[in-house]
Amino acid sequence: FAVEETVDTDLCAGNTYTTNTLVEANPPNGDACQATDEYIVTQNPPCDVTVEVTCEDSEGTDCEDIEAPEDCVQDLTYTYCIDNPGPTCMEVTDFVRTITPPGGEVSILGLLTAEIGNPPIICPPGPICVSEEVSTNLCTNEKISVTTKITAAPPNGDMCMDTGMYMFTVPTPAPTPPPTPGPTP
(Lines give C-alpha, C1' and ligand atoms only; values in the text may rest on other atoms or scores of the structure.)
Protein backbone atom coordinates (compact mmCIF):
# COMPACT_ATOMS: atom_id res chain seq x y z
CA PHE A 1 0.00 0.00 0.00
CA ALA A 2 1.35 3.48 -0.86
CA VAL A 3 0.79 6.99 0.41
CA GLU A 4 1.43 9.96 -1.86
CA GLU A 5 1.79 13.61 -1.07
CA THR A 6 2.30 16.56 -3.42
CA VAL A 7 4.14 19.70 -2.32
CA ASP A 8 4.50 22.85 -4.44
CA THR A 9 8.04 24.25 -4.31
CA ASP A 10 9.95 27.08 -5.89
CA LEU A 11 12.57 25.28 -7.99
CA CYS A 12 14.53 28.50 -8.42
CA ALA A 13 15.00 29.25 -4.73
CA GLY A 14 17.97 26.93 -4.26
CA ASN A 15 16.47 25.31 -1.19
CA THR A 16 16.97 21.87 0.30
CA TYR A 17 13.87 19.82 1.05
CA THR A 18 13.92 16.87 3.43
CA THR A 19 11.15 14.30 3.78
CA ASN A 20 11.19 11.91 6.73
CA THR A 21 8.83 8.99 7.11
CA LEU A 22 8.18 6.74 10.05
CA VAL A 23 6.02 3.64 9.79
CA GLU A 24 5.02 1.59 12.82
CA ALA A 25 3.27 -1.74 12.66
CA ASN A 26 1.83 -4.23 15.16
CA PRO A 27 1.26 -7.52 13.33
CA PRO A 28 -1.31 -9.82 15.04
CA ASN A 29 1.15 -12.71 15.49
CA GLY A 30 4.45 -10.89 15.90
CA ASP A 31 6.45 -8.18 17.55
CA ALA A 32 5.82 -4.51 16.93
CA CYS A 33 8.21 -2.99 14.41
CA GLN A 34 9.01 0.30 12.79
CA ALA A 35 10.88 1.59 9.77
CA THR A 36 12.16 5.07 8.89
CA ASP A 37 13.40 6.62 5.69
CA GLU A 38 14.69 10.02 4.69
CA TYR A 39 14.79 11.58 1.23
CA ILE A 40 16.72 14.84 0.60
CA VAL A 41 16.34 16.99 -2.51
CA THR A 42 18.65 19.94 -3.13
CA GLN A 43 17.56 22.16 -5.97
CA ASN A 44 20.25 24.34 -7.46
CA PRO A 45 18.86 27.49 -9.00
CA PRO A 46 19.38 27.79 -12.76
CA CYS A 47 22.11 30.04 -14.09
CA ASP A 48 21.85 31.83 -17.43
CA VAL A 49 23.70 34.99 -18.43
CA THR A 50 24.30 36.58 -21.84
CA VAL A 51 26.49 39.42 -23.09
CA GLU A 52 26.33 41.31 -26.38
CA VAL A 53 28.84 43.84 -27.74
CA THR A 54 28.26 46.85 -29.98
CA CYS A 55 30.62 49.56 -31.23
CA GLU A 56 30.13 53.15 -32.45
CA ASP A 57 32.42 55.98 -33.43
CA SER A 58 32.14 59.49 -31.95
CA GLU A 59 29.43 60.39 -34.49
CA GLY A 60 27.25 57.39 -33.58
CA THR A 61 28.14 55.37 -36.68
CA ASP A 62 28.19 51.61 -36.19
CA CYS A 63 31.83 50.50 -36.42
CA GLU A 64 30.95 48.09 -39.23
CA ASP A 65 30.00 51.15 -41.33
CA ILE A 66 33.03 53.35 -40.62
CA GLU A 67 34.77 54.56 -43.76
CA ALA A 68 38.51 55.06 -44.11
CA PRO A 69 39.41 57.77 -41.61
CA GLU A 70 41.70 60.75 -42.11
CA ASP A 71 42.97 60.35 -38.56
CA CYS A 72 44.00 56.76 -37.82
CA VAL A 73 43.44 56.77 -34.06
CA GLN A 74 39.77 57.25 -33.20
CA ASP A 75 37.86 57.09 -29.93
CA LEU A 76 35.32 54.27 -30.25
CA THR A 77 32.57 53.48 -27.77
CA TYR A 78 32.19 49.80 -26.97
CA THR A 79 28.90 48.93 -25.26
CA TYR A 80 28.41 45.67 -23.38
CA CYS A 81 24.81 44.60 -22.63
CA ILE A 82 24.39 41.90 -20.00
CA ASP A 83 21.14 40.02 -19.60
CA ASN A 84 19.92 37.59 -16.99
CA PRO A 85 16.95 35.82 -18.60
CA GLY A 86 16.66 33.36 -15.72
CA PRO A 87 14.33 33.54 -12.77
CA THR A 88 16.87 34.41 -10.03
CA CYS A 89 19.33 37.21 -9.31
CA MET A 90 23.00 36.41 -9.84
CA GLU A 91 26.33 37.89 -8.82
CA VAL A 92 28.76 38.64 -11.63
CA THR A 93 32.12 37.25 -10.55
CA ASP A 94 34.22 38.03 -13.65
CA PHE A 95 33.82 40.31 -16.67
CA VAL A 96 36.70 40.80 -19.13
CA ARG A 97 37.26 42.05 -22.66
CA THR A 98 40.00 41.81 -25.26
CA ILE A 99 40.40 44.20 -28.20
CA THR A 100 42.53 42.77 -30.99
CA PRO A 101 44.79 44.24 -32.21
CA PRO A 102 46.67 44.82 -29.93
CA GLY A 103 45.25 42.09 -27.67
CA GLY A 104 45.51 41.57 -23.94
CA GLU A 105 42.66 40.78 -21.61
CA VAL A 106 41.34 43.66 -19.47
CA SER A 107 38.86 43.43 -16.59
CA ILE A 108 35.77 45.55 -17.12
CA LEU A 109 34.03 44.41 -13.93
CA GLY A 110 34.60 47.94 -12.59
CA LEU A 111 32.30 49.34 -15.31
CA LEU A 112 29.54 47.10 -14.02
CA THR A 113 30.10 47.82 -10.32
CA ALA A 114 30.10 51.57 -11.08
CA GLU A 115 26.70 51.13 -12.75
CA ILE A 116 24.91 48.76 -10.36
CA GLY A 117 27.00 48.60 -7.17
CA ASN A 118 29.36 46.19 -5.48
CA PRO A 119 28.86 43.26 -5.43
CA PRO A 120 27.45 43.41 -8.98
CA ILE A 121 24.09 41.63 -8.75
CA ILE A 122 22.07 41.28 -11.96
CA CYS A 123 18.39 40.47 -11.67
CA PRO A 124 15.79 39.78 -14.31
CA PRO A 125 14.51 41.53 -16.32
CA GLY A 126 17.48 43.11 -18.07
CA PRO A 127 19.55 44.05 -19.87
CA ILE A 128 22.08 46.22 -18.10
CA CYS A 129 24.39 48.07 -20.49
CA VAL A 130 27.76 49.66 -19.73
CA SER A 131 30.08 51.48 -22.12
CA GLU A 132 33.70 52.47 -22.39
CA GLU A 133 35.55 54.71 -24.80
CA VAL A 134 38.78 53.27 -26.19
CA SER A 135 41.26 54.91 -28.56
CA THR A 136 41.58 52.46 -31.45
CA ASN A 137 43.94 52.49 -34.44
CA LEU A 138 41.73 52.13 -37.50
CA CYS A 139 44.57 52.12 -40.06
CA THR A 140 45.93 48.64 -39.40
CA ASN A 141 44.04 47.15 -42.37
CA GLU A 142 43.25 44.21 -40.06
CA LYS A 143 40.02 42.96 -38.61
CA ILE A 144 39.39 44.56 -35.26
CA SER A 145 37.62 42.33 -32.78
CA VAL A 146 36.25 42.87 -29.32
CA THR A 147 35.59 39.73 -27.31
CA THR A 148 34.04 39.57 -23.87
CA LYS A 149 33.58 36.88 -21.26
CA ILE A 150 31.22 37.14 -18.30
CA THR A 151 30.85 34.70 -15.40
CA ALA A 152 27.99 34.77 -12.90
CA ALA A 153 26.39 32.58 -10.25
CA PRO A 154 23.06 32.55 -8.41
CA PRO A 155 23.12 32.09 -4.61
CA ASN A 156 23.79 28.42 -3.80
CA GLY A 157 24.04 27.60 -7.50
CA ASP A 158 26.55 26.66 -10.13
CA MET A 159 28.42 29.25 -12.18
CA CYS A 160 27.61 29.96 -15.79
CA MET A 161 29.33 32.07 -18.40
CA ASP A 162 28.86 33.58 -21.82
CA THR A 163 31.07 35.18 -24.43
CA GLY A 164 30.32 37.90 -26.94
CA MET A 165 32.19 39.15 -29.98
CA TYR A 166 32.03 42.15 -32.27
CA MET A 167 34.25 42.28 -35.35
CA PHE A 168 34.79 44.89 -38.06
CA THR A 169 37.29 45.97 -40.72
CA VAL A 170 37.85 49.58 -41.67
CA PRO A 171 38.59 49.96 -45.39
CA THR A 172 41.86 51.62 -46.25
CA PRO A 173 41.65 54.60 -48.56
CA ALA A 174 42.45 54.03 -52.23
CA PRO A 175 46.02 54.98 -53.11
CA THR A 176 46.40 58.45 -54.53
CA PRO A 177 47.44 58.29 -58.20
CA PRO A 178 50.71 60.03 -59.10
CA PRO A 179 50.26 63.52 -60.48
CA THR A 180 49.95 63.72 -64.23
CA PRO A 181 52.79 65.55 -65.90
CA GLY A 182 51.92 68.97 -67.24
CA PRO A 183 52.51 70.08 -70.85
CA THR A 184 56.12 70.12 -71.97
CA PRO A 185 57.47 73.45 -73.22
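Counting from 1, the numbers follow the sequence of the chain as shown.
Ile66 CD1 to Glu56 CD: the interatomic distance, rounded to the nearest 0.5 Å, is 9.5 Å. The distance from the CE atom of Met90 to the OG1 atom of Thr151 is 10.5 Å, given to the nearest 0.5 Å. Separation of atoms OG1 (Thr169) and CD (Glu142) is listed at 9.5 Å; rounding is to 0.5 Å. Remark: Ser107 OG to Leu112 CG distance equals 10.0 Å, nearest 0.5 Å.
Surrounding CG of Asn118 are more than 12 heavy atoms belonging to other residues, nucleotides or ligands, all under 6.0 Å away.
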Leu76 and Cys63: side chain to side chain contact (heavy atoms under 4.5 Å, CB included), yes or no, with the steps?
CA-CA 8 Å; Leu76 301 180; Cys63 291; 4.0 Å; yes
Using side chain to side chain contact (heavy atoms under 4.5 Å, CB included), reason through Val49 and Phe95 one step at a time and then give a plain yes or no.
CA-CA 12 Å; Val49 63; Phe95 191 26; over 6 Å; no
For a side chain to side chain contact (heavy atoms under 4.5 Å, CB included) check, start with the C-alpha distance between Ile99 and Val134, then their side-chain angles and the critical distance, and finish with the verdict.
CA-CA 9 Å; Ile99 299 175; Val134 178; 3.9 Å; yes
Working for side chain to side chain contact (heavy atoms under 4.5 Å, CB included), residues Thr93 and Met159:
CA-CA 9 Å; Thr93 56; Met159 279 201 244; 3.9 Å; yes
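Within the hydrophobic cluster formed by Ile, Leu, Val, Met, Phe, Trp and Tyr side chains joined at under 4.5 Å, directly or through other members, Met165 is accompanied by Met167.
By the 4.5 Å heavy-atom criterion applied to side chains, Thr136 and Tyr78 are counted as neighbours. Two residues are said to be in side-chain contact when any heavy atoms from C-beta on lie closer than 4.5 Å; Thr79 and Val130 fail this criterion. Taking 4.5 Å as the limit, every side-chain heavy atom of Thr50 sits out of range of all side-chain heavy atoms of Ile82. You'll find the side chain of Pro154 stays beyond 4.5 Å of the side chain of Cys89, heavy atoms only. Taking the side chain as every heavy atom from C-beta outward, Ile150 and Thr148 never approach each other to under 4.5 Å. Counting only heavy atoms from C-beta outward, the side chains of Asp75 and Thr77 never approach each other to under 4.5 Å. Side chains of Thr54 and Tyr80 form no contact here, defined as non-hydrogen atoms less than 4.5 Å apart. Annotation: side chain of Asp94 is in contact with side chain of Lys149 (closest heavy-atom distance under 4.5 Å).
Cluster membership check: Val51 does not share its hydrophobic cluster with Val96, using side-chain heavy-atom separations under 4.5 Å among Ile, Leu, Val, Met, Phe, Trp and Tyr. In the hydrophobic clustering of this structure, Ile121 does not group with Met161; members are Ile, Leu, Val, Met, Phe, Trp, Tyr whose side-chain heavy atoms approach within less than 4.5 Å, directly or through other members.
Closest approach of Pro127 and Cys81 over heavy atoms only: CB-CB, 4.4 Å. Contact detail for Val53 and Gly164: the closest heavy-atom pair is CG2-C, 4.1 Å. Taking every heavy atom of both residues into account, Tyr166 and Cys55 meet most closely at CE2-CB, 3.5 Å.
Using a 4.0 Å cut-off between a side-chain N of Lys or Arg and a carboxylate O of Asp or Glu, Arg97 and Glu132 qualify as a salt bridge.
Side-chain N or O atoms of Asn84 include one that pairs as donor or acceptor with a backbone N or O of Ile122 at under 3.5 Å. Of the possible donor and acceptor atoms, none in the side chain of Asp48 sits under 3.5 Å from a partner among the backbone N and O of Pro85. Side-chain N or O atoms of Asp71 include none that pairs as donor or acceptor with a backbone N or O of Val73 at under 3.5 Å.
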